[in-house]
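Not measured: the values here are computed from a predicted model.
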Amino acid sequence: MRIILREYLGMLRESGEFDALLPDLLREMQFVPLSAPQQGVRQAGVDLAAVGNDANGQRSLWLFVLKRGDLGRKDWDTLPQSIHPSLNEILDVYLRNNVAPEHQDLPVRIVVATTGDFKQEIQQNLVGYANRIKREGLDLETWNGDRVAELMEQYLLTENVLPGSARSQLRRALALVGEPDYDLQHYYALLRELLDWAAANPDGVAKQVRARVRSLATVHLALGILCRWASADGNLRNALLAAERTVLWSWDAVRKAGSADDKDVFDAYVRLVHTYLEVSIEYFNKVQGHLYVKNAIARYHRESALLTERVFEEIGNVGSIGLSHFLFGEVTQDKHLLEGANAVAESLNALVGSHPISGSPCYDNQCIDISLALLLLCFAGRREIAKTWLNQLASRLIYAYRIGKWFPIATDSFDDLVAFEIERNEVDLQKLKEMSWMIPTVAQWCAVLGADEAYAGIAALKSDVMKDTCFQLWYPDAQTDNMRYDRPAFLESGMSDAPLNLPATAEEMRGQIRRTRSDSPVKEQAVTSAAKAGLPFVDFVASRHFRIPVDPAYWQRILTEATPDISSPLVPAP
């Protein structure tokens, strides 16, 4: 396992990834971090400060200078961010001005840590500096990648936290994560084992909290290792799927344990959230260029069925990524996340413009991806763009159902889709359109965004070619939260509004929506555990990942609330 950890450290491409790892390691070493690493913020030479015992058990103040990769002569004194200027700034500024009164009398240990190695050419500089500050009562030590990997194995991946079965699952997942068809089953089994908090059940509240924080830290490390391997193998899709599942199952564990209000557990979970956001934006950056080029995704999928499936998967991915950055940015007031969400929304607009097939869904449940994308466009202030795409969707759906070809089939079977498109004499067309979430979803969106002509065309289908189709919308209920983050919740919870009537005009539909919001048992949007904790984006990740219909209340509120484009009603204070 130490070899795997050493390779993982070598794969860390950004200093921020190493900065995020060290606090978890130090906590397991019984250190108390005093500051969190901050990129771009002057910290008087110190990237991370902590208080903890040294090898002799003496309580000390530890000051870390964190670097990445192999360090040589050019890293010693060439740039302001080099090692020597950082060490001097610690002596001249940090130790004079930044040490809290309660830590003034503690011995000071300065650590230069890196994910790589210290080259021979820099060794004399480090030894000389260590000897000089030794005379001032200060100690300097170095942690290379091997030392950090040793500490990680000793403290983060102990047998109690990561038993042999879990280590085996991680190794199998790493061996297969680069395969396009790998279903991540070994990683998911690892997650189940690590998040089985009921099985651990240590005595005492404090021990229980510590065990949960340790579990989440181990999950965080396992996710980081898997994602780096996936990235190295060129399969960021698996990295994104793993990050989504980790965020969902970890929140389910936190929720079930009643630990959402425990600061230490919640902070450990939020560190997972940040990793998901980093993985999601890395995935987005990789695919972004393809979104602007006409039919670029068609280069990888010659069969129309595969192409349509892939394009709508990207629409769902981009929609949920943008919503995650936007909503978490709203909660944390992080302008960088909000700027990122804006860039994602722009690229979503490019995707639907550059890929005309984005107007022709092939599965009924792709209304989930469509709703996520439309919500992102609306939240990001692009309602007219959303309306344009919606008109295109409605027009294509009307045409497809009227000619009996290329409409979104009611099943999620690829075999049914292939039979429908190729072996037309072998399929039962009525069975493939016996129910529909797509039509009422698109119809309500048309009414909400004022696409009245498109709505009228959609509504007319019911009296013509879709007389025997059951239109329905699904609403979550009080039980949905118990399964939303674990599996497809709509199969076991919620309520269906079916058969749903589509009135002839958009104005009548708007009236129906208003009555639903004011009079119906489903009028109140289900306030989920994630939303209560200030993490509403997790619900959208669950919708995309587990193929759970988006709560219609989200788009209905755009019609019925005075400030529909502001996300604050969706984001309760944490």
*Write out all pairs satisfying side-chain hydrogen bond (donor to acceptor under 3.5 Å, both in side chains) with one or both partners inside residues 343-360, taking only residues at least two apart or from two chains.*
Q288-S347, Y292-S347, E346-R382, S360-R396
_Parallel, tilted or perpendicular, judged at 30° and 60°: which one describes the rings of F266 and Y269?_
tilted
*Taking atom CZ of R544 and atom CG of L323, what is their separation to the nearest 0.5 Å?*
12.0 Å
*Compute the ring centroids of Y399 and W406, then answer whether they are less than 6.0 Å apart.*
no
*Between M152 and L9, is any pair of side-chain heavy atoms under 4.5 Å apart?*
yes
*pair Y283-V279: side-chain heavy atoms closer than 4.5 Å*: no
*asked:* Measuring only between side-chain heavy atoms, which start at C-beta, is L473 closer than 4.5 Å to S496?
replied: no
*Could you tell me whether a side-chain N or O of S371 sits under 3.5 Å from a main-chain N or O of I368, the two making a donor and an acceptor?*
no
*Taking all atoms of both residues into account, what is the closest heavy-atom pair of A173 and L226, and its distance?*
CB-CD1, 3.8 Å
*What do the steps show when you test Y276 against F537 for side chain to side chain contact (heavy atoms under 4.5 Å, CB included), and what is the final call?*
CA-CA 12 Å; Y276 157 71; F537 75 89; 3.9 Å; yes
_Apply side chain to side chain contact (heavy atoms under 4.5 Å, CB included) to residues N482 and Q479 and explain how you reach the verdict._
CA-CA 6 Å; N482 294 327; Q479 297 303 314; 3.2 Å; yes
*Any side-chain heavy atom of F118 sitting closer than 4.5 Å to one from V112?*
yes
*Would you call R6 and D146 a salt bridge, taking side-chain N to carboxylate O under 4.0 Å as the test?*
yes
*Please work out which of the three classes, parallel, tilted or perpendicular, describes the rings of Y188 and H545, given edges at 30° and 60°.*
perpendicular
*Hey, mind stepping through L5 and I225 against side chain to side chain contact (heavy atoms under 4.5 Å, CB included) and telling me if it holds?*
CA-CA 8 Å; L5 293 173; I225 293 172; 3.7 Å; yes
*First locate atom CG of L194, then atom CG of L190, and finally report the distance between them rounded to the nearest 0.5 Å.*
4.5 Å
*Could you grab the distance from atom CG of L272 to atom CG of D267, nearest 0.5 Å is fine?*
12.0 Å
_Among residues at least two apart in sequence or on other chains, which ones pass salt bridge (Lys or Arg N to Asp or Glu O under 4.0 Å) with E7?_
none
*asked:* Do T469 and I439 make a side-chain contact, defined as non-hydrogen atoms from C-beta onward lying under 4.5 Å apart?
replied: no
*For the pair S168 and H186, evaluate side-chain hydrogen bond (donor to acceptor under 3.5 Å, both in side chains) and give the outcome as yes or no after the intermediate values.*
CA-CA 9 Å; S168 175; H186 304 100; over 6 Å; no
*Where do T528 and D481 land on the side-chain hydrogen bond (donor to acceptor under 3.5 Å, both in side chains) test, with the steps shown first?*
CA-CA 6 Å; T528 68; D481 204 59; 4.5 Å; no
*Considering non-hydrogen atoms only, spot the tightest contact between L397 and P361 and give its length.*
CD2-CG, 4.0 Å
*Answer yes or no: is there an ion pair linking R271 with D24, defined by an N-O contact shorter than 4.0 Å?*
yes
*asked:* If you count every heavy atom of other residues, nucleotides or ligands that lies below 6.0 Å from K119 atom NZ, does the total exceed 12?
replied: yes
*Side-chain ion pair, R192 and D486, N-O less than 4.0 Å*: yes
*Under 3.5 Å, side chain of D477 to main-chain N/O of T480, donor-acceptor pair present?*
yes
*asked:* Would S259 and D262 count as a side-chain hydrogen bond (donor to acceptor under 3.5 Å, both in side chains) here? Give the steps.
replied: CA-CA 5 Å; S259 295; D262 186 287; over 6 Å; no
*Measure the OG1-NZ distance between T115 and K67 for me, rounded to the nearest 0.5 Å.*
12.0 Å
_Ring centroids only, cut at 6.0 angstrom: are Y554 and F540 within range, meaning strictly under it?_
yes
_Straight-line distance of E193 CD to L170 CG, nearest 0.5 Å_ = 11.5 Å
*Checking side-chain hydrogen bond (donor to acceptor under 3.5 Å, both in side chains) for the pair W555/T441: CA distance, chi angles, key distance, verdict?*
CA-CA 10 Å; W555 64 77; T441 297; over 6 Å; no
*What heavy-atom pair brings W249 and Y485 nearest, and what distance separates the two atoms?*
CD1-O, 3.2 Å
_Does any part of the side chain of S250, heavy atoms only, come nearer than 4.5 Å to the side chain of V219, both counted from C-beta?_
yes
*asked:* Looking at D75 and R68, is there a salt bridge between them, counting it only when a charged N and a carboxylate O are closer than 4.0 Å?
replied: no
*Below 4.5 Å, heavy atoms only, C-beta onward: do Y187 and L223 meet side chain to side chain?*
yes
*Is the closest side-chain heavy-atom distance between I409 and K433 below 4.5 Å?*
no
*Verify salt bridge (charged side-chain N to carboxylate O under 4.0 Å, His left out) between R310 and E314, making sure each step is shown before the conclusion.*
CA-CA 6 Å; R310 189 72 181 90; E314 286 308 323; 2.4 Å; yes
*Exercise: identify the closest heavy-atom pair between W474 and G494*: NE1-CA, 3.7 Å
_Apply salt bridge (charged side-chain N to carboxylate O under 4.0 Å, His left out) to residues E282 and R228 and explain how you reach the verdict._
CA-CA 11 Å; E282 184 179 0; R228 283 301 113 230; 2.9 Å; yes
_Heavy-atom closest pair, residues A380 and A345_ = CB-CB, 3.8 Å
*Identify the heavy atoms of N235 and V177 that sit nearest to each other, and give their distance.*
ND2-O, 3.2 Å
*Whether F490 and W437 hold their rings parallel, tilted or perpendicular, with breakpoints at 30° and 60°*: perpendicular
*Passes side chain to side chain contact (heavy atoms under 4.5 Å, CB included), I357 versus L307? Steps please.*
CA-CA 8 Å; I357 205 166; L307 173 60; 4.1 Å; yes
*Is a side-chain N or O of R2 found less than 3.5 angstrom from the main chain of Q154, in a donor-acceptor match?*
no
